[in-house]
Protein chains: 2
Amino acid sequence: MRSRVTLADVAKRAGVNVSTVSRSLNQETAGQVSKATVKKIRKIADEMQYSPNTVARGLRTRKSMTIGVIVPDLTNPIFPPIVRGVDSVLFSRGYSALVVNTDNSAEIENALFDSLMERQVDGLIIATGHTERSMIAKYHNQGVKAVLVNREASGVPFPSVIGDDAAGIAAALEHLAALGHKKVLHLAGPTVLSTASVRSIAFTNTAKRLGLTTKIIKATALSVSAGEIAMNKFLEANPKSVTAVLAGNDLLALGVFHALRKHGLRAPQDISVIGFNNMPFSEDFSPSLTTVSAPHFEMGVESARLLINQIEGKVTSPRKITLPVTLVVRESSGPVPKR
Amino acid sequence: MRSRVTLADVAKRAGVNVSTVSRSLNQETAGQVSKATVKKIRKIADEMQYSPNTVARGLRTRKSMTIGVIVPDLTNPIFPPIVRGVDSVLFSRGYSALVVNTDNSAEIENALFDSLMERQVDGLIIATGHTERSMIAKYHNQGVKAVLVNREASGVPFPSVIGDDAAGIAAALEHLAALGHKKVLHLAGPTVLSTASVRSIAFTNTAKRLGLTTKIIKATALSVSAGEIAMNKFLEANPKSVTAVLAGNDLLALGVFHALRKHGLRAPQDISVIGFNNMPFSEDFSPSLTTVSAPHFEMGVESARLLINQIEGKVTSPRKITLPVTLVVRESSGPVPKR
DNA sequence: CTGAAAGCGCTAACAG
DNA sequence: CTGTTAGCGCTTTCAG
């Protein structure tokens, strides 16, 4: 803890009361002080290298200027862009972010929530799809301001920012249909994750509309290894029963690649593969991955804006922001194989 | 800001003084209170859902229990593991991390440093190689506790945690030499970055020891695009003058892949490529990348330990921790092409 | 326009 | 073992 020089030090040197220094240094209250003294005090404060103590100010104003950002796992590559988007607006408004990882554990999430509250965060940005109703209720009961990002939030008392998953899934399936695919597998994430269930439902609806024959399998997590395990099992049980697979996200799609390789199959020659998120480096995979690009940075930006508006009592913001997604066609999807 | 129920509330309800409540609730001071009252007070505090206000405590104790973590860019995939390593030990010791991104700008780093100081962080973990001497001096002059991670720190007044870059480079070059390569290119990062210059020096030394003919070119940043640009330029000027390239990190190696593709060359058939870091998904690139694996999570762990020891005045920790690295051989490196 | 005083919630002497 | 007192550094009435 630094804070070598305090308001009192500056006040003494300037021969005025601390309150005058406080008023002079704060933008909003500087008008209450004569221009001359403001100028003089600012000069002295500069010379003394005064820098305010945010902690002390927060105690008094009941605003920590700190936001809690709850993510499942920062090493999942979709979260760094979200966090940076959040950060970019927070920083410009004078806030800082306390980023915590839940590893999809409700227990950990609870502990982290308590820790963030003890630190008096002014609000929460919640990027954990796993969050259960009960936890959301807990947040709300404590009067916390929060915004949900990258998770569906119907019937929940917080605004949310999401990508248009349904449109993304539709675009992916239409792309496959246009390539001649009739039998498509959906490798879904665990349904406790809201994005997984939204995408799964969209898959079923769109496939029906397009007249596709479908199979759905579930991975136990949104990870490469879970995707690989699920796809291996599928390939052993149902070889060659589909010509394309739409994965719930890019990590699962990568797991599919691994499973295909293990079974001597190639994408797209044997099976087309499509992911979701357009995570960093998905263009460098082997083959490069066709996927649905979601605007993660912008999602972070919008969620932070929503939260700050809420905190600072600005005009009522929208309850839900849906950002457009786009299909990025690369090597992993191709025409249905001729047999 | 929550903090619905305060120490005073609990004290009133328990019919004791706030200080007794404070002592009872704090592990270290609970011994000063009779077991009976401790038990009673804890029960009441529980019932009232008391939760301490870290901000108020920090003001009094001059410890914010908050650490600033300064990284260049969280979307560079080596940093999330470091941050999670840091976080894992911080959290278990009751600290939280304020993570900030400098985007390699000294100006931004300065502003962020001030912001962190105003927030009264108890210490800093600095992962920005770019940090200039002057900034380090500034940190030190302000009496800040800090640890440097993933950057060389000779002649600097802070402990540091690094990977054994020299050994990694040596292992990579020995691997290439064993495959028959005689002419090797080093695609270095900008020398203002300490890791880049360390690796560059190690490259020169080891190559000399192994009797290799070398060329060195520099990328303007440790990024895919900078690597691609530099490698394109090299290939246009000196086609087929080397049979292998050792990149300063995996992102540069990826840039090399792009440049090779553009010039109709393949790795490893035409040129072998080796990266550094073993960043996530480097095994899924096309081809999978031979690279030096650095223990980023552990580096985060060790740096956090060092910092906390420093803060809590524990036994004098080592000034420098060097963690071992290992060469991971994958598809991108192979025998020297026969012509 | 400026000063005095109070107090945010907590811990740490100092007494008893 | 417990209560009293005094602030940490800051903002905000309330006077004047």
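Letters A, B, ... mirror the listed sequences (proteins, then strands); counts begin at 1.
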*Any sub-3.5 Å donor-acceptor pair from Asp103(B)'s side-chain atoms to Ser105(B)'s backbone N or O?*
no
*What is the distance from CD of Gln120(A) to P of dC10(D), rounded to the nearest Å?*
19 Å
*asked:* Can you give me the bend angle of the helix from dC1(C)-dG16(D) to dG16(C)-dC1(D)? Use the axis through the first five pairs and the one through the last five, nearest 10 degrees.
replied: 40°
_On DNA chain C, compare the nucleotides closest to Thr37(A) and Arg60(B); which residue's is nearer the 5' end?_
Thr37(A)
*With a 3.5 Å cut-off and just heavy-atom distances, do the side chain of Arg57(A) and the base of dT12(D) make a donor-acceptor pair?*
no
*asked:* Closest-nucleotide mapping onto DNA chain D: is Val16(B) or Ala8(A) further toward the 5' terminus? I mean the 5' end.
replied: Val16(B)
*asked:* How many whole angstroms separate atom CG of Leu7(B) from atom P of dG7(C)?
replied: 18 Å
_Whole angstroms only, please: what is the CD-C1' distance between Glu118(B) and dC10(D)?_
13 Å
_Is Asn17(A) close enough to dA4(C) that one of its side-chain N or O atoms is under 4.0 Å from OP1 or OP2 there?_
yes
*How long is the line joining CZ of Arg23(A) and P of dG3(C), in whole Å?*
9 Å
*Could you check if a side-chain atom of Ile125(B) sits within less than 4.5 angstrom of a side-chain atom of Ile70(B), using non-hydrogen atoms only?*
no
_Can you tell me how far apart CG (Leu112(A)) and CD (Glu107(A)) are? Round to the nearest 0.5 Å._
11.0 Å
*Are side-chain N/O atoms of Ser96(A) and Arg119(B) paired as donor and acceptor at under 3.5 Å?*
yes
*Using ring-ring contact (aromatic ring centres under 6.0 Å, His included) as the criterion, list what pairs up with Phe113(B), not counting sequence neighbours.*
Tyr139(B)
*asked:* With a 4.0 Å limit, can you tell me whether Ser22(A) has a side-chain N or O closer than that to the phosphate oxygens OP1/OP2 of dT11(D)?
replied: yes
_Between dC1(D) (C1') and Lys40(B) (NZ): distance, integer Å_ = 13 Å
*Between Leu59(A) (CG) and dC8(D) (C1'), how many Å, whole number?*
9 Å
*Are Thr37(B) and Ser34(B) close enough, and set up right, to give a side chain to side chain donor-acceptor pair (under 3.5 Å), and what steps lead you there?*
CA-CA 6 Å; Thr37(B) 37; Ser34(B) 81; 2.6 Å; yes
_Nearest-Å distance for atom pair CZ/P, residues Arg119(A) and dG9(C)_ = 18 Å
*Can you check whether Ser19(B) has a side-chain N or O nearer than 4.0 Å to OP1 or OP2 of dT11(C)?*
no
*asked:* At less than 3.5 Å, do the side-chain atoms of Arg62(B) and the base atoms of dG9(D) form a donor-acceptor pair?
replied: no
*Within the pair Asn26(B) and dT11(C), is there a side-chain N or O less than 4.0 Å away from OP1 or OP2?*
yes
*asked:* Any side-chain to backbone donor/acceptor pair from Arg42(B) onto Ser24(B)? Under 3.5 Å, distance only.
replied: yes
*Residue Asn53(A), side-chain heavy atoms: nucleotide from dG9(D), dC10(C), dT13(D) that is nearest*: dG9(D)
*Would Arg57(B) and Glu118(A) pass as an ion pair if we require N to O under 4.0 Å?*
no
*Would you indicate whether the side-chain heavy atoms of Val71(B) and Ile82(B) approach each other to under 4.5 Å?*
no
*Find the distance Lys12(B):NZ to dG3(D):P and express it as a whole number of Å.*
15 Å
*asked:* Counting only side-chain heavy atoms from C-beta out, which of dC14(C), dG9(D), dC10(C) sits nearest to Ala56(A)?
replied: dG9(D)
*Answer yes when Asp9(A) and Arg4(A) have at least one side-chain N-carboxylate O distance shorter than 4.0 Å, and no when they do not.*
no
*Looking at residues 27-35 of chain A, who's got a heavy atom less than 4.0 Å off DNA chain C?*
Gln32(A), Val33(A), Ser34(A)
